[in-house]
Enquirer: 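Below is one structure. I have some questions about it.
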Amino acid sequence: MRIAVIGAGIVGVTSAYELAAAGHDVTVFEQGSSIAAEASFAPAGLDGEGWAAAWSPLAVSGNLLGLALRGRLPAALALGSPAGNLGWKLKWLRANRAAMQRELHHRLHRLAGYSRARTAELTQSLHLDFERSSGVMVVSRSAADSHRLLSGLALLDELGVRHQRLTADECRALELGLNPQAPLHGAVRLMDEGAGNSREFAHLIKQHAQRHGAHFAFNTQVVAIQPGTKPELTLQRGTERSRDTVDAVVLCAGLASVPLLTKLGLSLPLVGVTGLSVTAPLRLDDIHPQVGPTSVLLDPRRGVSIVRAGNRLRASGGTRVGAMSRAQEAAAWKTLYSALDDWFPGASRIAQAQQWRGESPSLPDGLPVLGRSGLEGVWLNLGHGCVGWAVACGSARVLSSLISGGMAEIDTTGLTIDRFR
């Protein structure tokens, strides 16, 4: 089949690889000039089903009313702020009501676990060498913080995710670079999870997609799709318009998918979830032999993760549904720098730090839409949000299996567009 993939973020590139490896003639259309240049450029890159279900920015476990009364709803919702999409937030509250939480957790756990296995399989079979960190340490600064982690621990037990509780001394024995003066009560360690450089992975997997014959058309915007047995694309390159006919179209263009979906008469509650990161070189010298983390440090009180990315240190957080006000963004940057200085003071060269701000397309239930759109020849791989890297390779594999006429290797119940009809 001749297949058009729209969008060259981590989801689009992995989809292109899986489809090309399955023998299809694939062309990726990207309106920008490079791959993984927007939402996939510099996120935290955490993987694994335990983190995704229990501590991703919009994760929640428990009675929503009780959590709201105790001020425990995710900070990303910022319900009292004028910024963001109030209608989407109300949909999130409904999707995450107590009656649905268990099912949502299991669906995400299933997809993220499958994706982690597929990522590992590709890494080994294709000899991919990209920046990775093993292990996630979810820290608590006080006894009260440790108590707040209990609902997450109960969820990990239910999902069968391997973890262990650590004392403050055990944390510091594992992470020698931790600030000895930083308040630390303990942590939960996820041994089988970690983080990866999604942009670096995307560039590597692109090369393998090209070896299977995939083509990448940059600076090319798809402005319209005409469904059918032979879907037709209207393309815009500079001032020139053209048309192209294919056998199938896969929509992976993040927020840029919204106008295309609207023209197709499809209404999906996609909204941008804004996230920030600061990446700075580590001070690797004889004076500072133990700097930065060896695994991922996740500070749920601040909503910040700190990851070692090769010879750099990356702090990510500040997640908000919808646009940020200037005051919110300024506060978020301050929190990231404060977290770096608190946990690993002097470990990085802050004067050389690079700041990144990106928007991830998210659906209210925290799950992507995979599979048929309901329109002939049009397929969807959309809405991965804050867990994009954690589920990208699995989502691409599922989609390729379905387009190729086979069966997905996991149960896709609750992952299709049917839940929004």
Enquirer: Do other residues, nucleotides or ligands put more than 12 heavy atoms under 6.0 Å from D411 CG?
Expert: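 Yes - once you tally the heavy atoms of other residues, nucleotides and ligands closer than 6.0 Å, there are more than 12.
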Enquirer: State whether the side chain of T167 and the backbone N or O of E170 hold a donor-acceptor pair below 3.5 Å, judged by distance alone.
Expert: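 Looks like yes, one N/O pair under 3.5 Å.
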Enquirer: Output side-chain donor-acceptor pairs under 3.5 Å for residues 5-14, partner residues at least two apart or in another chain, one line each.
Expert:
unit_1: T14; atom_1: OG1; unit_2: I10; atom_2: O; d: 2.7
unit_1: T14; atom_1: OG1; unit_2: V11; atom_2: O; d: 3.1

Enquirer: Take atom CZ in R372; do more than 12 heavy atoms of anything else shown fall under 6.0 Å from it?
Expert: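 It does not: R372 CZ has 12 such atoms or fewer within range.
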Enquirer: Keeping K91 on the side-chain end and L363 on the backbone end, is there a donor-acceptor pair under 3.5 Å?
Expert: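 Side chain of K91 to backbone of L363, a donor-acceptor pair under 3.5 Å: no, none is there.
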Enquirer: Return the CG to CG distance between N179 and L340, rounded to the nearest 0.5 Å.
Expert: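 It is 12.0 Å, given to the nearest 0.5 Å.
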Enquirer: Which value, rounded to the nearest 0.5 Å, describes the distance between I417 atom CD1 and S373 atom OG?
Expert: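 Rounded to the nearest 0.5 Å, the CD1-OG separation comes to 6.0 Å.
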Enquirer: Taking the side chain as every heavy atom from C-beta outward, state whether D25 and I3 have any atom pair closer than 4.5 Å.
Expert: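 Contact flag for D25/I3 side chains = no.
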Enquirer: Heavy atoms, side chains only, cut-off 4.5 Å: are F41 and I35 in contact?
Expert: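 With C-beta onward as the side chain, the pair stays apart.
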Enquirer: By the definition side chain to side chain donor-acceptor pair (under 3.5 Å), identify the one residue from R199, R312, R308 that meets it with E131.
Expert: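 Single pass found, and it is R312.
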Enquirer: Main chain of R397, side chain of S401: is a donor-acceptor contact present, judged purely on distance under 3.5 Å?
Expert: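 Yes, the answer is positive, given that a donor and an acceptor are paired below the 3.5 Å cut-off.
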Enquirer: Locate the shortest heavy-atom distance separating A217 from T27; write the atom from each residue and the value.
Expert: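 Scanning both residues completely, I find the closest heavy atoms to be CB-CG2, 4.5 Å.
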Enquirer: Check this for me, if you would: do R320 and E329 make a salt bridge, where the nitrogen-to-carboxylate-oxygen distance has to be below 4.0 angstrom?
Expert: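 Judged by the 4.0 Å cut-off on N to carboxylate O distance, R320 and E329 do not form a salt bridge.
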Enquirer: To the closest 0.5 Å, what do you measure between OG1 (T416) and CZ (R421)?
Expert: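 The CZ atom of R421 is 8.5 Å from OG1 of T416, to the nearest 0.5 Å.
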Enquirer: When you compare the side chain of I306 with that of R314, does any pair of heavy atoms fall below 4.5 Å?
Expert: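 SC-SC contact between R314 and I306 ruled out.
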Enquirer: Checking side-chain polar atoms at under 3.5 Å, does H105 have a donor or acceptor matched by the opposite partner on S61?
Expert: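 There is no such pair between these side chains.
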Enquirer: Could you check whether D342 pairs with R141 (Lys NZ or Arg NE/NH1/NH2 to Asp/Glu carboxylate O, under 4.0 Å)?
Expert: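 Here D342 pairs with R141 in a salt bridge, since their nearest N and O are under 4.0 Å apart.
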Enquirer: What's the spacing between W343 CH2 and L313 CG if we round to 0.5 Å?
Expert: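 Reported value, rounded in 0.5 Å steps: 13.5 Å.
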Enquirer: Would a 4.5 Å heavy-atom cut-off, applied to side chains only, mark L156 and W51 as touching?
Expert: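 No; the side chains remain at least 4.5 Å from each other.
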Enquirer: Determine whether more than 12 heavy atoms belonging to other residues, nucleotides or ligands lie under 6.0 Å from atom CZ of R165.
Expert: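 It does not: R165 CZ has 12 such atoms or fewer within range.
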Enquirer: Look up atom OG in S277 and atom CZ in R357, then write down how far apart they are to the nearest 0.5 Å.
Expert: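 Here the interatomic distance stands at 12.0 Å.
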Enquirer: Answer yes when D247 and R2 have at least one side-chain N-carboxylate O distance shorter than 4.0 Å, and no when they do not.
Expert: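 Not counted as a salt bridge, because no side-chain N and carboxylate O are separated by less than 4.0 Å.
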Enquirer: Check the surroundings of atom CG in D129: do more than 12 heavy atoms from other residues, nucleotides or ligands lie under 6.0 Å from it?
Expert: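 Open.
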Enquirer: Going by heavy atoms in the side chains, are P368 and V387 under 4.5 Å from each other?
Expert: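 The answer is no, as the side chains (C-beta and beyond) never meet within the 4.5 Å cut-off.
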Enquirer: Can you find a heavy atom in the side chain of L190 that is under 4.5 Å from one in the side chain of M137?
Expert: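 Counting from C-beta outward, L190 and M137 never come under 4.5 Å.
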Enquirer: Tell me whether the rings of H109 and H106 are parallel (<30°), tilted (30 to 60°) or perpendicular (>60°).
Expert: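 Plane angle over 60°, so perpendicular.
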Enquirer: Does Q124 CD have over 12 foreign heavy atoms under 6.0 Å away?
Expert: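 Counting other residues, nucleotides and ligands, CD of Q124 stays at 12 neighbours or fewer.
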Enquirer: Looking at Y17, is K206 sitting on its ring face, NZ or CZ under 6.0 Å from the six-membered ring centre and within 45 degrees of the normal?
Expert: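 No cation-pi geometry.
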Enquirer: In sequence, state the C-alpha distance, the side-chain angles, and the governing distance for L276 and S316, and then conclude on side chain to side chain contact (heavy atoms under 4.5 Å, CB included).
Expert: CA-CA 6 Å; L276 310 175; S316 306; over 6 Å; no
Enquirer: Any side-chain to backbone donor/acceptor pair from Q210 onto H215? Under 3.5 Å, distance only.
Expert: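 Checked: no pair found.
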Enquirer: Can you tell if the side chain of Q221 reaches within under 4.5 Å of the side chain of L235, non-hydrogen atoms only?
Expert: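 No. Closest side-chain heavy atoms not under 4.5 Å.
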Enquirer: Sub-3.5 Å donor-acceptor pair from the side chain of S40 to the main-chain atoms of A36, do we have one?
Expert: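 No, because the side chain of S40 does not come within donor-acceptor range (under 3.5 Å) of the backbone of A36.
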Enquirer: Go through the steps to decide whether S146 and H185 satisfy the test side-chain hydrogen bond (donor to acceptor under 3.5 Å, both in side chains), and finish with yes or no.
Expert: CA-CA 7 Å; S146 293; H185 184 264; 2.7 Å; yes
Enquirer: How about S295 and E175: does a side-chain donor come under 3.5 Å of a side-chain acceptor?
Expert: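 Judged by distance alone, the side chains do pair up.
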Enquirer: Report yes if the side chains of L46 and W55 come closer than 4.5 Å at any heavy-atom pair, otherwise no.
Expert: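 Of all side-chain heavy-atom pairs linking W55 with L46, none is under 4.5 Å.
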Enquirer: Enumerate the residue pairs fulfilling salt bridge (Lys or Arg N to Asp or Glu O under 4.0 Å) with a member in residues 94-119, sequence neighbours excluded, ordered by first and then second residue.
Expert: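 Checked against salt bridge (Lys or Arg N to Asp or Glu O under 4.0 Å) - neighbours excluded - the pairs reaching residues 94-119 are E18-R118, E49-R116, R102-E158, E103-R107, R118-E121.
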Enquirer: In sequence, state the C-alpha distance, the side-chain angles, and the governing distance for R189 and L174, and then conclude on side chain to side chain contact (heavy atoms under 4.5 Å, CB included).
Expert: CA-CA 10 Å; R189 183 168 177 248; L174 284 171; 3.7 Å; yes
Enquirer: Is R148 salt-bridged to D145, cutoff N-O under 4.0 Å?
Expert: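 Answer for the salt bridge query: yes.
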Enquirer: Quick one: CG on L77 to CH2 on W88, what's the gap to the nearest 0.5 Å?
Expert: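 Taking CG in L77 and CH2 in W88, the distance rounds to 7.0 Å.
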Enquirer: If we count only N and O atoms by modelled type, under 3.5 Å, do the side chains of S395 and H384 hold a donor and an acceptor together?
Expert: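 A pair is found: one side chain offers a donor N or O, the other an acceptor, under 3.5 Å apart.
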Enquirer: Check the pair R132, F130 against side chain to side chain contact (heavy atoms under 4.5 Å, CB included), reporting the backbone distance first and the verdict last.
Expert: CA-CA 6 Å; R132 287 175 285 169; F130 62 102; 3.2 Å; yes
Enquirer: Before you tell me yes or no, could you show the steps for W389 and F201 under side chain to side chain contact (heavy atoms under 4.5 Å, CB included), namely the whole-Å CA-CA distance, both residues' side-chain angles and the distance that decides it to 0.1 Å?
Expert: CA-CA 10 Å; W389 168 239; F201 183 92; 3.5 Å; yes
